[in-house]
Amino acid sequence: MFKYLENILGKPIKYYENLMASKKNHTKITTGQIETIVDVLKPHVLKAYTLEKDAMMVNPNSLGDIYLIPHNKKEVAFKYTGTYIFENVAISLSIDLTKGFNDKKKYDYFVHKTEDLPNTLIQEVSHIDRVEHESLPIWEEVIHRFPDVHKAIATIEPNHPWTLYKKVKKTFNPTTAPVLLGGYPQWLVNDVDFRKIEKLVFLMEYRVYEKDYSIYFFKDLSTNEILIIEQKA
């Protein structure tokens with residue numbers, strides 16, 4: 001990653017190593033510094049929506065025949081968490097909470113076009129409360145995606161840029177809700193190369209808190225394929 005940054009931004013690798021090491025340090029950040037970077041970030045803020053519960057309390061019968069709730073090998077039904085709609089994509093998701101989360105069959109999902117959903121299901125989902133939030137990327141994505149923002153932060157606080165960004169991000173009231181629709185992905189583990197997902201649209205994150213586990217759904221606009229990244233903290 002540091003070599004990539006050296007090529008596009010023109011600073012030596014050692015600079016970026018020190019920059020990332022600054023995440024471990026602490027410094028006094030002023031209100032003026034925070035307000036300056038808030039203004040810089042405003043054009044890049046995306047809307048996101050959260051569901052405050054891990055299940056939508058939607059009747060599985062409302063799915064009709066378009067998605068059958070799976071069962072595990074012990075014939076225990078998966079937990080149907082709901083059908084989530086964003087950007088004309090509807091994802092019906094079920095979780096098998098009886099399994100260890102190293103098992104590839106720990107969840108099941110089905111993707112629909114919103115207009116193909118049964119009317120009863122659309123009506124139920126439309127009554128689910130969604131809370132609107134302002135979404136910002138994690139620090140590593142700022143470095144890759146918005147070099148102008150990164151430069152502004154590093155100019156104001158060259159020794160502790162990540163600390164400044166962390167405090168700025170808190171002013172946007174980041175959410176810890178179990179379901180996040182849209183906005184920027186909030187990675188549990190910062191090991192995703194942004195260049196691999198920069199042409200994808202982020203649809204949804206589903207968080208299984210009792211397993212320290214998240215499922216991230218993306219859509220490839222060129223193929224309409226749904227891509228998934230799984231992370232365990």
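- A distance of 10.5 Å separates CG of Asn61 from CG of Asp65, quoted to the nearest 0.5 Å.
- Hydrophobic clustering of Ile, Leu, Val, Met, Phe, Trp and Tyr side chains at less than 4.5 Å, counting indirect connections, unites Leu227 with Val192.
- We find the CG-CG distance between Leu221 and Leu200 to be 8.0 Å, quoted to the nearest 0.5 Å.
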Practice problem: Please lay out, stage by stage, how Trp187 and Glu140 fare under the test side chain to side chain contact (heavy atoms under 4.5 Å, CB included). | Solution: CA-CA 10 Å; Trp187 303 110; Glu140 284 75 9; over 6 Å; no

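- The CD1 atom of Ile122 lies 8.5 Å from the CD atom of Glu115; values are rounded to the nearest 0.5 Å.
- Counting heavy atoms from C-beta outward, Leu63 and Leu117 have side chains that stay 4.5 Å or more apart.
- No single ILVMFWY cluster, assembled from side-chain heavy atoms under 4.5 Å apart, contains both Ile228 and Phe202.
- A donor-acceptor distance shorter than 3.5 angstrom exists from the side chain of Arg207 to the backbone of Ala177, with no hydrogens or angles considered.
- The minimum heavy-atom distance between Pro178 and Leu51, with the atom names listed, is CD-O, 3.4 Å.
- From Leu68, atom CG reaches atom CZ of Phe78 across 13.0 Å, with rounding to the nearest 0.5 Å.
- Summarising the geometry, atom OG1 belonging to Thr163 is positioned 11.0 Å from atom CD1 belonging to Ile153; distances are rounded to the nearest 0.5 Å.
- Under the 3.5 Å distance criterion, the side-chain polar atoms of Thr50 are left unmatched by any main-chain donor or acceptor of Glu52.
- With a 4.5 Å cut-off on side-chain heavy atoms, Leu203 and Lys219 count as touching.
- Pairing each heavy atom of Tyr206 with each of Asp54, the nearest pair is OH-O, 2.7 Å.
- Counting heavy atoms from C-beta outward, Lys53 and Asp129 have side chains that stay 4.5 Å or more apart.
- More than 12 heavy atoms of other residues, nucleotides or ligands lie within 6.0 Å of CG in Asn88, so this atom counts as buried by the packing criterion.
- Judged by distance alone, with hydrogens and angles left aside, the side-chain atoms of Gln231 form a donor-acceptor pair with the main-chain N or O of Leu188 at under 3.5 Å.
- Scanning all heavy atoms of the two residues, the minimum distance from Pro161 to Asn159 falls at CD-C, 3.4 Å.
- Checked against Leu181 for a side chain to side chain contact (heavy atoms under 4.5 Å, CB included), the options Glu205, Glu87, Met204 give a single hit: Met204.
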Practice problem: Could you give me the CA-CA distance, side-chain angles and deciding distance for Asp39 and Lys42, then say whether salt bridge (charged side-chain N to carboxylate O under 4.0 Å, His left out) is met? | Solution: CA-CA 5 Å; Asp39 288 338; Lys42 281 182 178 178; 3.6 Å; yes

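- Residues Asp148 and His150 have side chains not in contact (no heavy-atom distance under 4.5 Å, counting atoms from C-beta outward).
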Practice problem: Evaluate side chain to side chain contact (heavy atoms under 4.5 Å, CB included) for Tyr216 paired with Glu230, printing each intermediate quantity in order. | Solution: CA-CA 6 Å; Tyr216 302 85; Glu230 305 171 9; over 6 Å; no

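- A distance-only check finds a donor-acceptor pair linking the side chain of Thr81 to the backbone of Leu93 [under 3.5 Å].
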Self-check item: From CA spacing to verdict: side chain to side chain contact (heavy atoms under 4.5 Å, CB included), Lys113, Val89
Solution: CA-CA 5 Å; Lys113 291 183 178 179; Val89 175; over 6 Å; no

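- The two residues Glu134 and Val45 come nearest to each other via the heavy atoms CB-CG1, 3.5 Å.
- The hydrophobic clustering, which links ILVMFWY residues whose side-chain heavy atoms are closer than 4.5 Å, places Ile85 and Phe218 apart.
- One distance of note links OH of Tyr213 with NZ of Lys232; it measures 9.0 Å at 0.5 Å rounding.
- When the options Ile37, Val38, Ile138 are evaluated for a side chain to side chain contact (heavy atoms under 4.5 Å, CB included) with Lys169, the one that passes is Ile138.
- The backbone N or O of Val76 sits less than 3.5 Å from a side-chain atom of Asn72, completing a donor-acceptor pair.
- Side-chain N/O atoms of Ser92 and Tyr80 include no donor and acceptor closer than 3.5 Å.
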Quiz item: Can Lys167 and Gln33 be said to form a side chain to side chain contact (heavy atoms under 4.5 Å, CB included), step by step?
Solution: CA-CA 10 Å; Lys167 290 184 178 294; Gln33 289 175 317; over 6 Å; no

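- Glu157 places no side-chain N or O within 3.5 Å of a backbone atom of Leu164 that could act as its donor or acceptor partner.
- Contact of the Ile215 side chain with the Ile95 side chain is registered, since non-hydrogen atoms from C-beta on lie closer than 4.5 Å.
- Hydrophobic cluster membership differs between Tyr209 and Ile229, with clusters built from Ile, Leu, Val, Met, Phe, Trp and Tyr side chains linked at under 4.5 angstrom.
- Linking Ile, Leu, Val, Met, Phe, Trp and Tyr whenever their side-chain heavy atoms come within less than 4.5 Å leaves Phe194 and Val142 in two separate clusters.
- Side chain of Tyr67 to main chain of His112: no donor-acceptor pair is present (N/O by atom type, distance under 3.5 Å, no hydrogens or angles).
- Between the side chain of Lys47 and the backbone N or O of Gly183, no donor-acceptor pair lies under 3.5 Å.
- In this structure the side chain of Val58 reaches within 4.5 angstrom of the side chain of Leu121, judged on heavy atoms.
- Considering only heavy atoms from C-beta on, Pro70 comes within 4.5 Å of Ser94 through its side chain.
- When all heavy atoms of Phe86 and Gly182 are compared, the pair lying nearest together is CZ-CA, 3.4 Å.
- Between Pro137 and Tyr165 the shortest heavy-atom distance is O-OH, 2.5 Å.
- Between Phe217 and Tyr109, the gap from one ring centroid to the other is short of 6.0 Å.
- Here the side chains of Glu141 and His144 are not in contact, with every heavy-atom distance at 4.5 Å or above.
- Ser135 contributes a side-chain N or O that, together with a main-chain N or O of Tyr184, makes up a donor-acceptor pair within less than 3.5 Å.
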